[in-house]
Structure formats: structure tokens, C-alpha cells
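A short write-up of the structure that comes next.
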Amino acid sequence: MTQKHSIVVAGGGSTFTPGIIGMLLDNLDRFPLRKIKLYDNDEKRQEVIGKALEILLKERHPEIDFVYTTDPKEGFTDVDFVLAQLRVGKYEMRDRDEKVPLKHGCIGQETCGPGGLAYGMRSIGGVLEILDYMEEYSPEAWMLNYSNPAAIVAEATRRLRPDSKIINICDMPIDLMYKMADMVGLKEWQELDFSYYGLNHFGWFTEITDKKGNDLMPQIKEHVSVNGFADGIGTSQHLDPSWVETFTKAKDVYALDPETIPNTYLKYYFYPDFVMEHTDPEHTRVDEVREGREKDVFGFCQNIIDKGTAEGVEIELDAHATYIVDLAIALAENTKERFLLIVENNGAIPNFDPTAMVEIPCLVGKNGIERINQGYIPQFQKGLMEQQVSVEKLVVEAWVEGSYQKMWQALTLSATVPSAKVAKELLDDLIEANKGYWPELN
Ligand code: NAD
Ligand code: G6P
Ligand code: MN
């Protein structure tokens, strides 16, 4: 019998928590749990989700200990895995990340461009705090982090907590693999093998085969060149209109380099003009999320609380999030399975900064990760990545040093910002908007 695990979800009040817990409960046969904890620093927000899950777990899995707490000691003691999904500042600050840049004629997105850099300056401290709690109360545990902006958070932990047991991972490529599987008539993304390189939200698939090694790229390219990742293709998440637009636009992103299949997020760097034309500055993605996912998830939980039972209720599983279970199993049981992770390059892309946090396939086992070499990358991608990784490193330097100058440089260097003048005006506005969340910059 496999050993039973104890996990804590950090950011327990997240809109993703019920789906993640649902997915964990659906996988108990291969990842047995003895304890599930939620930890958040917003008691009221987490309480709604905590109370509902408490009712549900008591009815369906009384053998699993369940607590939700805002006390770090209670949250992080006796855990094997920390699943981290913080959003420092919540949707109120996501609103600013998306809307402040628009006022300056730049794209407004939660992880790309100025909004992503602003979010990064807030996230670093939050994620370090969680990591430190884990190391204090459960030093043997692993943290699986998908708090955004993952690229900047990963660079910060590389620099400031180099020996920590943290693995940074993103789910976008998984959704894309799910879609590519659909394009070739397969059901599950796990039926594909892949090669990929880039930075987080900034990368390219170079190979897709089935498990027998048959090349699926020609068929996938044919679909993507006409329809992007859209048009009758299934999805494991992301059904709202703005996402459909992003998946469709991938066909134009693909056109830049027909040798590879791009990550959807590259649209913000290649087609900011298109993105701007298709953005309503009064109603951005955060509004769509608040009116949709946030309302649904909290309504669902409140309903369980009001009825006092979860009888007949079905949690909408975050089925695509099984990669989190797979990753935890790989660490616990040394499976050496392949995952796309955000790790220090260290030669895996030989013609790229060895200290850059890149997104590449790795094998995962008990002692951590082994990189899979991706070889030399072409000039186009190398140029783009050098610029973007410098932006991300400069943000972390700005945070560490409290440097206004470096944050100005980071914004100026971002391909989404047209000039140093705009960068400075933006920076001054972002400082104002993020009061109390950013370190003081001098
Ligand atoms: P959300 O605002 O609903 O949830 C975030 C929660 O984090 C809130 O309850 C908030 O109170 C809590 N929080 C903030 N700062 C904290 C701190 N210092 N300590 C403890 N808790 C804290 O946001 P969401 O939309 O559900 O997203 C959650 C996170 O997951 C975001 O970072 C999002 O970008 C990320 N995410 C990442 C991926 C990926 O692939 N990498 C996929 C989905 C979501
Ligand atoms: C993708 C990305 C995540 C991001 C999410 C945003 O899954 O990989 O990093 O957090 O999209 O989704 P949302 O529905 O909140 O806009
Ligand atoms: Mn992501």
C-alpha cells in the first residue's frame, strides 16, 4: 500500500481550490491522502470554500482529516506537499494589472507586459513567505508552485532560495497538448510525447509524437495554420470568449515560425496592436472571471453551506490538473516521468543564459529534476527570449534592491512598451496602484 500523504493548498480561497480538491479526491486510488489543509491569509474569502469542503469531505471521506486555517503553523505543520496558488492582491489588484497599462496604450494582461511585471513585484514576497513557512514547519516537503507570474516567481526563488524544494509549473502547455491530441484523434494529452523550449508563457513545441514515436507535427501544423487551437477542438478549461479569441489568434502566432507550435501567450508580444483593438478598457479578462468563475465557485460553495449538505452535488473537477498529482507521485515514488517545468537552464539550451529560468521538459524523481537537453535554439527565439528573460531578471533585481532604475529598465525593455517615456509614466502609475504591495523603490 502506498503511503498516505498530507497536503496543504496555499491560497485556499482561490477560485481553483474546489476543482483541485475534486481532482485530488478523484485520484485517491493512486495518490492516497490522510490530510487536506487549506491555508490563506484572507480568512473571510477562504471560509466560504473551507466550510463547503468541510461539509463535503465529512460526508464523503470522513477518513481524511480536513482543516482550513489562516495560522501558518497549523497550515504548514506535517505536510508532504504544498500546492501554491496565491494571487497577492486578489482580483482587485488583477483589475489594476490589466487596466493601468491600457491607459498608457499598452496591453493589459495578468502575466504578460506591464501588468505581469506589476503582479511579479507583488507575488515574490507572498511566495517566499509560503516557502519559508514550509521550510520552518515541514522541511522535508515539496512545494508545487503555480502562483503567477510563474516566470518572475521562479527567478526570484532561484536567486533568493536556491536550495529550496520548489518546482514551478504551468498548465497552459497541458491545455494545448489536450487540444493537439484532439486534432489528431487522440483523447488524452497524456497520449502525446513532446519537446518544448522557452520561458514561461513564452515558448514553443518542437516535437509532438504519439507514444509509439509517430510524428504528429504535420497534422497538427495543418490544423494550427488554419484554425489555431480553435474550431471544434476540445478544451480542458478556458471556454470564455476572450480565450477562444486567443486560441484562434494562435494561427497568426504560428505563422511567424511554421517549424514550431507556439504558446498562445506569444500573441501579446507579436500582435499587441490586435490585442489592443480587441480589448474593452472597461471590461477586461478579470471582469469576465469575476462574472463567471468567481461567481460560480463561490455560489456553489455557499449553496452547500446553506443546505448544510453536499448531497447530490457534483464538484466540477479540474480534470486537466491531474498533472499536479502526477508530479507529486513522481516526487514521492521516483517515477522519472517527463514534465514541462520552469527550471534553471544550466546548459539544457546550450546557446542561452545558463542562469535563465527556462521552461523545458524534465524527468522528475525522488531527488528532484533532471533536465532534458533541448539543443541549440534558432536566432528568432533566442533573440526574443534574451529580451524577455532580461525583463524578468530586472524585475527581480528591482525587488531585491528596491531599485526604481531597474524597474524602469525592465518596463523599457519589455517588447510590449514602446518607449522609456511611456515606461516611466507607467511605472509611476503602477507604484501608486500597488501601494502597500511593492517594496519601496528608490
Ligand atoms: P484568487 O484571487 O481567486 O485566489 C488567490 C488566493 O490567494 C486568494 O484567496 C488570496 O486571499 C490568497 N492569497 C493572496 N496572498 C496570499 C498570501 N500571502 N498568503 C496566503 N494566501 C494568499 O486567484 P485565482 O484566479 O484563483 O488564481 C490563483 C493563482 O493561481 C494565481 O496566481 C493564478 O495566476 C494562478 N494560476 C496559475 C496557473 C498556472 O498554470 N500556472 C493556472 C491557473 C491559475
Ligand atoms: C492559463 C495560464 C495560467 C493563468 C490562467 C489564467 O491557464 O497557464 O498561468 O493563470 O490561464 O486564467 P484566467 O481564467 O484566470 O484568466
Ligand atoms: Mn501559466
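Numbering of ligands and ligand atoms starts at 1, following listing order.
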> How far is atom 2 (C) of ligand 2 from its nearest protein heavy atom, and which residue and atom name does that atom have?
Replying inline: Tyr265 OH, 3.2 Å
> Which protein heavy atom lies closest to atom 7 (O) of ligand 2, and at what distance to 0.1 Å?
Replying inline: Asp171 OD1, 2.6 Å
> Are Asn168 and Tyr146 side-chain neighbours, meaning at least one heavy-atom pair lies under 4.5 Å?
Replying inline: no
> Side-chain contact, heavy-atom cut-off 4.5 Å: Leu266 with Val253?
Replying inline: yes
>> Between Lys336 and Glu370 (salt bridge meaning N to carboxylate O under 4.0 Å), is one present in this structure?
In response: yes
>> At less than 4.0 angstrom from any non-hydrogen atom of Met172, what atoms of ligand 2 do you find?
In response: 8 (O)
> Of all the heavy atoms in Gln46, does at least one lie under 4.0 Å from an atom in ligand 1?
Replying inline: no
> Quick one: does Arg94 get a heavy atom under 4.0 Å from ligand 2?
Replying inline: yes
> Can you tell me the protein heavy atom closest to atom 14 (O) of ligand 2 and the distance?
Replying inline: Arg285 NH2, 2.5 Å
> What is the nearest protein non-hydrogen atom to atom 12 (O) of ligand 2, stated with its residue, atom name and distance?
Replying inline: His238 CE1, 3.5 Å
> Mind checking whether Phe298 and Tyr91 have ring centres under 6.0 Å apart?
Replying inline: no
> Among Tyr119, Tyr146, Phe16, Tyr323, which residue places a heavy atom closest to atom 44 (C) of ligand 1?
Replying inline: Phe16
> In terms of atom number and element, which parts of ligand 1 are under 4.0 angstrom from non-hydrogen atoms of Val88?
Replying inline: 14 (C), 15 (N)
> So is Tyr146 close enough to ligand 2, meaning a heavy atom under 4.0 angstrom away?
Replying inline: no
> Looking only at protein heavy atoms, which one is nearest to atom 28 (C) of ligand 1, and how far off is it?
Replying inline: Gln85 O, 3.3 Å
>> Are any of the N/O atoms on Arg87, whether in the backbone or the side chain, positioned under 3.5 angstrom from an N/O atom of ligand 1?
In response: yes
>> Tell me which pairs pass salt bridge (Lys or Arg N to Asp or Glu O under 4.0 Å) where either residue lies in residues 258-281, with sequence neighbours left out.
In response: none
>> For atom 24 (P) of ligand 1, what's the nearest protein heavy-atom neighbour? Residue, atom name and distance, please.
In response: Tyr91 OH, 3.4 Å
> For Glu337, which residues count as a salt bridge (Lys or Arg N to Asp or Glu O under 4.0 Å) partner, sequence neighbours excluded?
Replying inline: none
>> Please report whether the ring centroid of Tyr133 lies less than 6.0 Å from that of Phe76.
In response: yes
> With only distance considered, is Leu86 within less than 3.5 Å of ligand 1 through an N or O on each side?
Replying inline: yes
> atom 21 (N) of ligand 1: which of Asn41, Ile20, Val153 has the nearest heavy atom?
Replying inline: Asn41
> Is there side-chain contact between Ile64 and Lys35, with heavy atoms separated by less than 4.5 Å?
Replying inline: no
>> Could you check whether Asp193 pairs with Arg338 (Lys NZ or Arg NE/NH1/NH2 to Asp/Glu carboxylate O, under 4.0 Å)?
In response: no
>> side-chain contact (heavy atoms from CB on, under 4.5 Å), that's the test. Do Lys187 and Asp182 meet it? Break it down for me.
In response: CA-CA 6 Å; Lys187 265 188 99 115; Asp182 207 3; over 6 Å; no
> Are Lys51 and Glu54 close enough for a salt bridge, meaning some N to O gap below 4.0 Å?
Replying inline: no
> Relative to the heavy atoms of Asn148, which atoms of ligand 2 are at a distance of less than 4.0 Å?
Replying inline: 3 (C), 4 (C), 9 (O), 10 (O)
> Does Ser6 offer a backbone N or O that forms a donor-acceptor pair with the side chain of Asp80 under 3.5 Å?
Replying inline: yes
> For ligand 1, which atoms sit closer than 4.0 Å to a heavy atom of Glu129?
Replying inline: 18 (N)
> Does at least one non-hydrogen atom of Glu288 fall below 4.0 angstrom from an atom of ligand 2?
Replying inline: no
Identify each donor-acceptor pair in which a side-chain atom of residues 196-204 lies under 3.5 Å from a protein atom, sequence neighbours left out, and give them as a table.
residue, atom, partner, partner atom, Å
Tyr196, OH, Asn263, ND2, 3.0
Asn200, ND2, Glu359, OE2, 2.9
His201, ND1, Thr111, OG1, 2.9

> Can the ring centres of His320 and Tyr178 be said to be less than 6.0 Å apart?
Replying inline: no
> Starting from atom 11 (O) of ligand 1, which protein heavy atom do you reach first, and at what distance in Å?
Replying inline: Asp40 OD1, 2.6 Å
> Any heavy atom of Arg293 sitting closer than 4.0 Å to ligand 1?
Replying inline: yes
>> Just to confirm my output: which protein heavy-atom neighbour is closest to atom 34 (O) of ligand 1, and how far is it?
In response: Asn148 ND2, 2.8 Å
> Does any N or O atom in His201 lie less than 3.5 angstrom from one in ligand 2, N or O only?
Replying inline: yes
> Atoms of ligand 1 less than 4.0 Å from Ile169 heavy atoms?
Replying inline: 41 (N)
> Hey, which atoms in ligand 1 end up nearer than 4.0 Å to a heavy atom of Thr15?
Replying inline: 3 (O), 24 (P), 25 (O), 26 (O)
>> Determine whether a donor-acceptor pair (N or O, by modelled atom type, separation under 3.5 Å) exists between the side chain of Arg290 and the backbone of Arg285.
In response: no
> Which residue holds the protein heavy atom closest to atom 6 (C) of ligand 2, what is that atom called, and what is the gap in Å?
Replying inline: Glu110 OE2, 3.2 Å
> Is any protein N, O or S atom closer than 2.8 Å to the Mn ion (ligand 3), and if so, which?
Replying inline: Cys170 SG, His201 NE2
> Asp42 heavy atoms, cut-off 4.0 Å: which ligand 1 atoms fall inside?
Replying inline: 11 (O)
> For ligand 1, is there an atom lying under 4.0 Å from some heavy atom of Ala10?
Replying inline: no
>> Using a 4.0 Å cutoff against the non-hydrogen atoms of Asp171, which atoms of ligand 1 qualify?
In response: 39 (C), 40 (O), 42 (C)
> If you measure from atom 1 (P) of ligand 1 to every heavy atom of His238, Arg45, Glu92, which option wins on shortest distance?
Replying inline: Arg45
> Does Arg94 reach ligand 1 with a nitrogen or oxygen that is under 3.5 Å from one of the ligand's nitrogen or oxygen atoms?
Replying inline: no
> Under 3.5 Å, side chain of Ser414 to main-chain N/O of Leu411, donor-acceptor pair present?
Replying inline: no
> Which of the numbered atoms in ligand 2 are below 4.0 angstrom from a heavy atom of Arg293?
Replying inline: 13 (P), 14 (O), 15 (O)
>> For the residue pair Lys249 and Tyr271, would you count it as a cation-pi contact if the rule is NZ or CZ under 6.0 angstrom from the ring centre and within 45 degrees of the ring axis?
In response: yes
> What is the nearest protein non-hydrogen atom to atom 4 (O) of ligand 1, stated with its residue, atom name and distance?
Replying inline: Ser14 CA, 3.1 Å
> So, Arg159 and Glu155, do they make that salt bridge, N to O below 4.0 Å?
Replying inline: no
>> Taking a cutoff of less than 4.0 Å between a non-hydrogen atom of the residue and any ligand atom, is Ser147 in contact with ligand 1?
In response: yes
>> So is Val289 touching ligand 1 or not, going by heavy atoms under 4.0 Å?
In response: no
> Near Cys170, which atoms of ligand 2 are under 4.0 Å from a heavy atom of that residue?
Replying inline: 8 (O)
